[in-house]
Amino acid sequence: MVIGVLTVEYALHGNDSLKGKRRVANSLKQKVRNTFNVAIAEAGTEDSLVRLRLAVVSISNSQRHVQARMDKCLAMMEAVCHEEMTYSDLEFLDADTPY
């Protein structure tokens with residue numbers, strides 16, 4: 001089993017309120033969840049009003065399937081969000097490997 005973790009970070013230029021950041025985050029999270037049936041949450045930028053980092057997680061038996069899903073997810077996130085995407089990274093974890 002393969003776990004894919006996509007981390008995406010945005011710069012929220014001109015944002016000065018938690019309400020504005022929450023609006024962007026909730027909109028993106030809802031669109032991604034509804035389209036790709038993945039888990040998504042804000043990760044590590046809770047204290048900043050001008051940065052938003054989201055982590056998207058998907059599980060499958062095939063790394064190729066997770067890669068394709070995450071590539072489509074990243075493309076959609078770039079297309080629907082008007083904020084500047086400053087960082088993205090895709091990491092794979094092998095859940096079958098004993099720790």
Side-chain angles (χ1 to χ4, degrees):
M1 187 170 7
V2 177
I3 302 168
V5 180
L6 173 65
T7 305
V8 181
E9 190 165 315
Y10 291 93
L12 307 177
H13 300 292
N15 185 53
D16 60 353
S17 69
L18 183 59
K19 186 176 180 179
K21 179 179 180 178
R22 190 176 301 135
R23 179 185 49 78
V24 173
N26 287 341
S27 174
L28 266 172
K29 291 190 303 186
Q30 194 65 35
K31 288 175 184 173
V32 170
R33 271 191 207 115
N34 290 344
T35 306
F36 298 104
N37 193 26
V38 294
I40 182 169
E42 186 173 353
T45 57
E46 293 85 4
D47 294 335
S48 175
L49 295 178
V50 295
R51 287 182 37 229
L52 172 65
R53 182 182 304 135
L54 297 172
V56 183
V57 179
S58 182
I59 300 174
S60 178
N61 288 330
S62 164
Q63 182 171 337
R64 191 176 307 158
H65 181 257
V66 173
Q67 176 80 48
R69 177 179 283 172
M70 293 302 195
D71 287 344
K72 290 176 186 175
C73 182
L74 181 61
M76 188 199 84
M77 291 174 82
E78 286 178 314
V80 301
C81 187
H82 300 295
E83 302 296 338
E84 177 189 3
M85 185 182 290
T86 58
Y87 175 81
S88 68
D89 181 53
L90 179 57
E91 179 181 0
F92 295 100
L93 305 169
D94 186 3
D96 295 327
T97 303
Y99 295 97

query: For the hydrophobic clusters of this structure (ILVMFWY residues joined by side-chain heavy atoms under 4.5 Å, transitively), does one cluster hold both Leu90 and Val5?
result: no

- request: Quickly, which of His65, Arg69, Gln67 forms a side-chain hydrogen bond (donor to acceptor under 3.5 Å, both in side chains) with Ser60? Name it, please.
  value: His65

query: Are Phe92 and Val66 side-chain neighbours, meaning at least one heavy-atom pair lies under 4.5 Å?
result: yes

Close side-chain approach of Glu83 and Asn15, heavy atoms under 4.5 Å: no

message: With rounding to the nearest 0.5 angstrom, report the CG to OG distance, Leu12 to Ser17.
response: 10.0 Å

ILVMFWY cluster, Met85 and Leu28 together (side-chain gap under 4.5 Å): yes

Tyr87: partners by side-chain contact (heavy atoms from CB on, under 4.5 Å), with sequence neighbours left out: Thr7, Glu9, Asp89

message: Please enumerate all residues that pass side-chain contact (heavy atoms from CB on, under 4.5 Å) together with Ala11, with sequence neighbours excluded.
response: His13, Glu84, Thr86

field: Hphob cluster co-occupancy, Val56 + Met76, side-chain heavy atoms under 4.5 angstrom
entry: yes

Kindly list each side-chain donor-acceptor pair under 3.5 angstrom involving residues 29-45, sequence neighbours excluded, with atom names and distances?
unit_1, atom_1, unit_2, atom_2, d
Gln30, NE2, Asn34, OD1, 3.3
Arg33, NH2, Ile40, O, 3.2
Asn34, ND2, Gln30, O, 3.3
Thr35, OG1, Lys31, O, 2.8
Glu42, OE2, Lys21, NZ, 2.9
Glu42, OE2, Thr45, OG1, 3.2
Thr45, OG1, Arg53, N, 3.0

field: Distance, nearest 0.5 Å, that separates CG of Leu6 from OG of Ser58
entry: 10.0 Å

query: Is there a path of hydrophobic side-chain contacts, each under 4.5 Å between heavy atoms of I, L, V, M, F, W or Y residues, that connects Met70 with Ile59?
result: no

statement: Rounded to the nearest 0.5 angstrom, the SG-CG distance for Cys81 and Leu54 is 8.5 Å

task: State the CE-CD1 distance between Met1 and Ile3, to the nearest 0.5 angstrom.
output: 6.5 Å

query: How many angstroms lie between CD in Glu78 and OG in Ser88, if you round to the nearest 0.5 Å?
result: 6.5 Å

